[in-house]
*Asks:* 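Submitted below is the structure of interest, expressed as structure tokens.
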Amino acid sequence: MAITDFASLKTAIAARLSRSNMTALIPDFVTIAHAKMLNGDPHPDPRDPKADLPALRCTDMLATEVLTLSGGQTTLPADYLEARRFFSDDGNELGISYIPPERWYTLALTKQAGVPQFYTIEGTTLKVGPIGNYDLNLLYYQRLDVPDAAADTNFIFSKAPHAYLYGALAEAYDHIRQPERSIFYHNQFASAVRALIEQAERAEASGSTLIMRPDAIT
């Protein structure tokens, strides 16, 4: 059967497990697989580090937001996962650079007024320095909602539904203490996620030959 939404995913997982006493746990397995897909996860067998699960980041997850700064800070979007680019509306679109929070308060520029050049993040708060009340353009990766209603779907279901399937099966077999099967499905899960990332990278760079160019022309 086709795996197109949460309902069909649960059916596919149950069919492969063939254990009616685990049906109620399937949503938990999907939730764990979903979290690991977004955050990455090391391989359960340390002897095979190449099979680590990478964090899923691809163009289907990108979104844009205009953040209005007040007093040199603002709140990140609720679905913020990771930034790809920040730049202010001062006409310079080169972007602003990250500084770790532990260095932030030691730098004079974080207390000066001016066009933002640097930023740091504390919790859900974005802070910029120098301090300026500009609009900040953010290109970021969105955190995907965990599928939990029957009709719930997202781009993973259309591009790599087997990623959810293998990830949930890895968790199921880990739950019933069958490590060999759990590791097998973890490997399949990691392979599916890597393929999804690589396909997105190829699609983004397709259409032209990559050549070296100077950063600036003088």
Side-chain angles (χ1 to χ4, degrees), residues 1-63 76-84 139-206:
M1 64 172 294
I3 301 174
T4 58
D5 53 23
F6 186 51
S8 54
L9 173 63
K10 290 191 295 182
T11 299
I13 295 168
R16 284 159 177 77
L17 288 174
S18 297
R19 296 175 68 110
S20 59
N21 63 332
M22 294 178 66
T23 301
L25 295 174
I26 288 176
D28 293 343
F29 300 146
V30 174
T31 297
I32 296 170
H34 180 90
K36 288 184 175 182
M37 202 180 322
L38 295 186
N39 300 322
D41 191 59
H43 192 268
D45 183 352
R47 296 169 298 179
D48 190 10
K50 291 183 179 180
D52 288 351
L53 176 71
L56 179 61
R57 300 290 185 272
C58 58
T59 51
D60 297 272
M61 300 167 65
L62 287 173
L76 292 167
D79 60 355
Y80 175 87
L81 181 61
E82 182 179 314
R84 179 154 173 177
L139 177 65
Y140 71 105
Y141 292 100
Q142 290 178 303
R143 180 174 295 279
L144 303 175
D145 291 334
V146 179
D148 60 5
D152 281 356
T153 189
N154 56 43
F155 76 92
I156 300 170
F157 283 93
S158 61
K159 291 191 172 183
H162 55 303
Y164 272 130
L165 176 63
Y166 293 148
L169 288 172
E171 297 306 317
Y173 283 114
D174 179 68
H175 176 75
I176 59 178
R177 294 177 175 82
Q178 292 190 20
E180 289 188 2
R181 286 192 175 185
S182 179
I183 289 174
F184 169 79
Y185 281 112
H186 177 96
N187 289 343
Q188 298 294 97
F189 183 28
S191 178
V193 173
R194 282 197 301 272
L196 189 55
I197 294 171
E198 290 167 4
Q199 188 278 327
E201 290 174 346
R202 289 194 302 271
E204 190 172 15
S206 63

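In this text the structure is predicted, and so the values were computed from the model without any measurement. Excluded from the calculations below are hydrogen atoms, water molecules and symmetry mates; all remaining heavy atoms, backbone and side chain alike, are included.
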*Asks:* Measure the CD-SG distance between Glu198 and Cys58 for me, rounded to the nearest 0.5 Å.
*Replies:* 12.0 Å
*Asks:* Check for a donor-acceptor pair, side chain of Ser18 on one end and backbone N or O of Ala14 on the other, with a separation under 3.5 Å.
*Replies:* no
*Asks:* Search all heavy atoms of Ile156 against all heavy atoms of Leu56 and return the closest pair with its distance.
*Replies:* CD1-CD2, 3.8 Å
*Asks:* Given side-chain contact (heavy atoms from CB on, under 4.5 Å), test Met61 with Phe155 step by step and report yes or no.
*Replies:* CA-CA 9 Å; Met61 300 167 65; Phe155 76 92; 3.6 Å; yes
*Asks:* Where do Gln142 and Leu81 land on the side-chain contact (heavy atoms from CB on, under 4.5 Å) test, with the steps shown first?
*Replies:* CA-CA 5 Å; Gln142 290 178 303; Leu81 181 61; over 6 Å; no
*Asks:* Could you go through Glu204 and Arg84, starting from their C-alpha distance and side-chain angles, then the distance that decides it, and tell me whether this counts as salt bridge (Lys or Arg N to Asp or Glu O under 4.0 Å)?
*Replies:* CA-CA 14 Å; Glu204 190 172 15; Arg84 179 154 173 177; 2.5 Å; yes
*Asks:* Pick from Asp52, Asp41, Asp174: which one makes a side chain to side chain contact (heavy atoms under 4.5 Å, CB included) with His186?
*Replies:* Asp41
*Asks:* Please name the pair of heavy atoms, one in Gly167 and one in Ala33, separated by the smallest distance, quoted to 0.1 Å.
*Replies:*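 Shortest heavy-atom separation between Gly167 and Ala33 comes out as C-CB, 3.5 Å.
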*Asks:* Taking the side chain as every heavy atom from C-beta outward, state whether Pro54 and Val193 have any atom pair closer than 4.5 Å.
*Replies:* yes
*Asks:* Can you confirm whether Asp145 is buried at CG, in the sense that more than 12 heavy atoms of other residues, nucleotides or ligands lie under 6.0 Å from that atom?
*Replies:* no
*Asks:* Would you say that Leu165 contacts Phe189 through its side chain, given a criterion of any heavy-atom pair below 4.5 Å between the two side chains?
*Replies:*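 Not touching, per the 4.5 Å side-chain cut-off.
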*Asks:* Using side-chain heavy atoms (C-beta onward) and a distance below 4.5 Å, is Val30 in contact with Phe6?
*Replies:*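 With C-beta onward as the side chain, the pair touches.
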*Asks:* Between CZ of Phe157 and CG of Leu9, what distance do you get to the nearest 0.5 Å?
*Replies:*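 Rounded to the nearest 0.5 Å, the CZ-CG separation comes out at 5.0 Å.
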*Asks:* Can you name the closest pair of heavy atoms from Ala170 and Ser182 and give their distance?
*Replies:* O-OG, 2.9 Å
*Asks:* Is there a donor-acceptor pair under 3.5 Å between the side chain of Asp152 and the backbone N or O of Ala149?
*Replies:* yes
*Asks:* For the OG1 atom of Thr11 and the CD1 atom of Ile3, what is their distance to the nearest 0.5 Å?
*Replies:* 9.5 Å
*Asks:* Measuring from atom OH of Tyr185 to atom CG of Asn187, what distance do you get when rounded to the nearest 0.5 angstrom?
*Replies:*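 Between Tyr185 OH and Asn187 CG, I get 12.0 Å after rounding to 0.5 Å.
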*Asks:* Walk me through whether Arg19 and Ile176 qualify under side-chain contact (heavy atoms from CB on, under 4.5 Å).
*Replies:* CA-CA 11 Å; Arg19 296 175 68 110; Ile176 59 178; 4.0 Å; yes
*Asks:* Not counting sequence neighbours, which residues clear salt bridge (Lys or Arg N to Asp or Glu O under 4.0 Å) with Glu201? List them please.
*Replies:* none
*Asks:* Atom OH in Tyr173, atom CE in Met22: separation rounded to 0.5 Å?
*Replies:* 8.0 Å
*Asks:* Working to the nearest 0.5 angstrom, can you tell me the gap between His175 NE2 and Leu169 CG?
*Replies:*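 Reported to 0.5 Å precision, the distance equals 13.5 Å.
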*Asks:* Do you know the tightest heavy-atom contact between Pro77 and Tyr140?
*Replies:*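 Pro77 and Tyr140 have their closest heavy atoms at CB-OH, 3.7 Å.
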*Asks:* Could you name each residue pair satisfying side chain to side chain donor-acceptor pair (under 3.5 Å) that touches residues 156-170, not counting sequence neighbours?
*Replies:*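 The answer is His34-Tyr164, Asp60-Lys159, Asn154-Tyr164.
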*Asks:* Kindly give the heavy-atom pair with the smallest separation between Leu53 and Ala190, and that separation in Å.
*Replies:* CD1-CA, 3.5 Å
*Asks:* I'd like to know if the side chain of Asp5 pairs up with that of Ser8 as donor and acceptor (distance under 3.5 Å, no hydrogens or angles considered).
*Replies:*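 Side-chain D/A pair, Asp5 to Ser8: present.
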*Asks:* For Leu62 and Leu139: C-alpha separation, side-chain torsions, deciding distance, then whether side-chain contact (heavy atoms from CB on, under 4.5 Å) applies.
*Replies:* CA-CA 7 Å; Leu62 287 173; Leu139 177 65; 4.3 Å; yes
*Asks:* Please check if the side chain of Tyr80 supplies one atom and the backbone of Ala83 the other of a donor-acceptor pair under 3.5 Å.
*Replies:*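 Flag set: sc Tyr80 to bb Ala83 pair under 3.5 Å.
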*Asks:* What verdict does the salt bridge (Lys or Arg N to Asp or Glu O under 4.0 Å) test give for Arg143 and Glu82, after you've listed the backbone C-alpha separation in whole Å, the side-chain angles of each residue and the deciding distance to 0.1 Å?
*Replies:* CA-CA 8 Å; Arg143 180 174 295 279; Glu82 182 179 314; over 6 Å; no
